[in-house]
Amino acid sequence: MAEESYDFRTAEPHWQAAWSAAGCFATHDKPAGSKPKCYVLEMFPYPSGKIHMGHVRNYAIGDVVARARRAQGYDVLHPMGWDAFGLPAENAARERGVDPAAWTVQNIAAMREDLKRVGLSLDWSREFATCDPDYYGQQQKIFLDFWRAGLAYRRESAVNWDPVDMTVLANEQVIDGRGWKSGALVEKRKLRQWFFKITEFADELLAGLDTLERWPERVRTMQRNWIGRSEGANVEFSLTAPIAGHDTVKVYTTRPDTLFGVSFLAIAPDHPLALAVAAQNDAASAFIAECQSSGTSEAAIEAAEKRGFDTGLRVKHPFTEATYPVWIANFVLMDYGTGAIFGCPAHDQRDLDFARKYQLSVTAVVAPKGAAAPEIGDVALTGDGVIINSDFLTGLDVAAAKRLVIAKLEQRGIGQGVVNWRLRDWGVSRQRAWGCPIPVIHCEICGAVPVPERDLPVRLPEDLPFDRPGNALDHHPTWKYVNCPQCGAPAARETDTFDTFVDSSWYFARFCAPRAATPTDIAATKHWMPVDQYIGGIEHAILHLLYARFFTRALHRLGHVGVDEPFAGLFTQGMVTHESYRTEDGRWLYPDEVTRHPDGSATYQGQTVIIGPNEKMSKSKRNTVDPAAVIAQFGADAARWFTLSDNPPERDVEWTEAGAQGAFRFVQRVYRLARMIAAEPRDLTALDQAVGDARALRQATHRAIAGVSEAIDGFAFNVAIARLYELANAISDSDGQKSTGLGAARREAMIALIRLAAPIIPHVTETAHALLEPDAGLVANLPWLVADPDLVRRDRVTIGVQIMGKLRAAIDLPIGADAATATQAAMAEPKIAQALAGATIVKTIHVPDRIVNFVIRS
RNA sequence: GCGGGCGUGGUGGAACUGGUAGACGCGCCGGACUCAAAAUCCGGUUCUGGUGACAGAGUGUCGGUUCGAUUCCGACCGCCCGCACCA
């Protein structure tokens, strides 16, 4: 009957309007009242134009946390905004001639509508986009502060250059070393670019990880490895014959103890010495040019075949008379250490591979403890051991040898112990038009001059010319031509814009006071920061999170915020995946174009469809499911319920139609149960008078309260949902039971189900609650339920009985039964008694409330 | 290549700090209601053998520690994420 079913199509907009009218989720910049604060933030989205299932999942997770914290008595800040600069808008402008600003604004409007239909507990009054001049103008102020403080500087750095399109490519636009559009081999080209001095904070960023107790351990490990603190030594090798003013080569090594195992030196292709060699050697020059064509990404360089070029130069060993060749190698990076290494093939796998390839000598200088000098085959010996064949180091262990060799090098003035970092300064210049302009004016007389604050923001022009490749901002006919603010001479604006990671490195601080006339309102950030719970994809484990941590420390130093760490708690969720489908001729198909058959096969208009594996939803493979369509069909509650119910949120989830239907059925069931109970005559029995089945139901209710609360606190939403199903099943099972107080217990259980489920399915629970408690107001404003420990506690437990670790029986015991009681009960079991007869009990293991195990000998 | 993670029934997954593996959902099978279907409700569902209240096997593979391992250790296989220009 239609009147009995829950109509989400009218209920969802109704409750969304009711929350908005009641101002449930609005917050203040400053402390209001005595509630503790809680800042819940999900990574803000790029406005692609449509929300996808990953967004629904991300924001559903955050919304459960935000709603639960609100109910638990916190003043919750839960804002939303847009990471609105970036390449897609520029690509759209080039491909379709649209204005990137208009395109972005349109996308934001569409996504905002989609998001609002999800029913999130957001404070929309704080919304902003990073492409708002108000926001990026404040960002320009921050940059000028950084510059003044010595945290921003300019130097040369390589970019991927597409020689056909005459444009700089992002790493993702380089495919197998070629430009994605032109197909031309990509070159490395040096440009003068802006950098942020993140390395100045390297030790702080490393040490700070230890304080982030509510971060996943794996993210902290990844950041630790990324920062990559290493202790080693710089060692100077003198050239046997100077070249172009160079008479030494300085190498960095983490294994100075293996100095006597050296077999060659290797330098980066862009090392000054390599360039000096190339100037007089065409073959060297050609080799370097080849190395330049690999693209700048580390993955590309590392995956490439290790290759080298013998320069013919030789260096002398610092402690012996021996000399060694100097090679140029494509795997040595100029930016790490000194851009030069010494190769010790016996104890470094990459050096060994290189030595075998080019038939270089291999000398073992470390022997495993208690073993003779090792034979080196194709596997390097990288473990600890005792130094051999190494003059004054012979006989020492690795650590002692490191200390001694460093001391000797320092004594002779040809080396020193150094701490080195893998972390490099952050290059923030991008040759893109759709980004935040870097507020600098280049004057021939004064050099790089900051744009005066009164002239901020430096706005993007509204008529960017995308009719040719390259940086549209640079091509604009008038924008860059200005006079120098210092001397008044004709000058030109910087036409590079900021990396979009800059935009997302401080937006969380801006949310605390989004309309402030300064980048942040220090009082507001002191109140709200740090973010108590940050939620986003694991793909941001390193870069975004590290940049944001750096920014926060820098902003703290400059007085813009009051904390060092931006995110006290971090949760990283998995992706939403779906099967992909393609026709036999290789065309990708959308899921709703495909007809699935009971035997598992699929067809499209009668043709056979090839079913691909579960993969991250992506437009190119068309394996996307449009949340707007799902919400239209099943409602926002069902969509939220399903994305959280199926598996742990940190893992990938596969979207299935069946799962969505299951979620829809549960939403309907909550409503049906509420109607049923609302229709029952009111049972006025006091709850503590409930006995028998009624008391059992009350126990189920309070165990659900405890279980759901614990699961939500631990981000185990799938477990919370399993507990809610159990409670719903308990309510159904109590139908027709008769004990005293049952009616009251059923009502209590139903209200608990509603209020515990409310953070996940906020709309239907409002409707259901209004049926039962019409005068109680919005569930969104009610406090969280607290379990009665007397009802949660169990008084009996069933434990296993094992013989030799194999389960043979189960016994029922009072909670906390002692060893004697448990053992006696176990031995009374016929099967156990039988097994023990004629055997000697060697040992009895009793773990209270868990297990009894007999170790026997027969 | 380097760094990080994941792997449990037909399926998504649960299992407290090493203690009865498979909670809960989906699917499937059977039943009730219905003229019928949908919806809903009830029961069953790890595998193998057996009529059975029984026996054996079982958490990617191989091995180890332990009275006892999904959980801890080692090697391997497969999949996923990241790589700002790794010593």
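Numbers restart at 1 for each chain; the letters A, B, ... are given by sequence-line order, proteins then strands. Reckoned from all heavy atoms, side chains included, excluding hydrogens, waters and symmetry mates. Just so we're clear, the structure is a prediction, and the values are computed from it rather than from any experiment.
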Between [N] and [X], is there an OP1 or OP2 to side-chain N/O distance shorter than 4.0 Å?
X	N	value
A:Arg651	B:C80	no
A:Lys806	B:G58	no
A:Asn853	B:C67	no
A:Asn718	B:C24	no

Review point. In whole Å, what separates the P atom of B:A14 from that of B:C24?
Key: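 Each nucleotide's P atom is 14 Å from the other's.
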Point to revise | Inter-nucleotide P distance (B:C81, B:C26), Å rounded | key: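 Pairwise P distance, B:C81 against B:C26, rounds to 30 Å.
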Check your understanding: When you check the side-chain N and O atoms of A:Arg430 and A:Thr500, is any donor under 3.5 Å from an acceptor?
Key ->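 A:Arg430 vs A:Thr500: no donor-acceptor pair found between side chains.
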Point to revise | Between A:Gln193 and A:Gln431, a side-chain donor and acceptor under 3.5 Å | key: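 Note: A:Gln193 and A:Gln431 side chains meet the donor-acceptor criterion.
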Quick check for you: among [options], whose closest atom lies nearest to any side-chain atom of [X]?
X	options	answer
A:Arg850	B:C85, B:G19, B:C24	B:G19
A:Ile851	B:G12, B:U20, B:G27	B:U20
A:Asn171	B:C85, B:G4, B:G82	B:C85
A:Arg424	B:C24, B:G3, B:A84	B:A84
A:Tyr547	B:A55, B:A84, B:G12	B:A84
A:Ser157	B:G13, B:A57, B:C85	B:C85
A:Arg672	B:C67, B:C41, B:G12	B:C41
A:Leu543	B:C16, B:A84, B:C81	B:A84
A:Val855	B:C67, B:G56, B:A23	B:C67
A:Asn729	B:G25, B:C81, B:U40	B:G25

Check your understanding: Hey, do the aromatic rings of A:Phe195 and A:Trp426 have their centres closer than 6.0 Å?
Key ->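 So the answer is no for these two rings.
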**Study point:** Near-ring test A:Trp327/A:Phe354, centroid separation under 6.0 angstrom
**Key:**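 Between A:Phe354 and A:Trp327, the centre distance is under 6.0 Å.
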**Study point:** Given RNA chain B, 5'-ward residue of the pair A:Ile799 and A:Ile845, judged by closest heavy atom
**Key:**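 Nearest nucleotide further toward 5': that of A:Ile799.
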Practice item. Look at the side chain of A:Ser732 and the base of B:C41, then say whether one donor and one acceptor between them are separated by less than 3.5 Å. Key: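 Looking at the base of B:C41, it does not pair with any donor or acceptor on the side chain of A:Ser732 (distance under 3.5 Å).
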Review point. Using a cut-off of 4.0 Å on non-hydrogen atoms, how would the nucleic acid contact of A:Val219 be classed: base, sugar-phosphate, or nothing?
Key: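 Nothing: the residue A:Val219, judged by heavy atoms under 4.0 Å, touches no strand.
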Check your understanding: Whole-Å distance between B:G5 P and A:Trp215 CH2?
Key ->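 For the pair A:Trp215 CH2 and B:G5 P, the rounded distance is 16 Å.
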Exercise for review: Please work out whether the ring planes of A:Trp641 and A:Phe666 are parallel, tilted or perpendicular, with thresholds of 30° and 60°.
Suggested key: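 It falls in the parallel class, under 30°.
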**Study point:** B:G22, syn or anti by chi within 90 degrees of zero
**Key:**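 It is anti.
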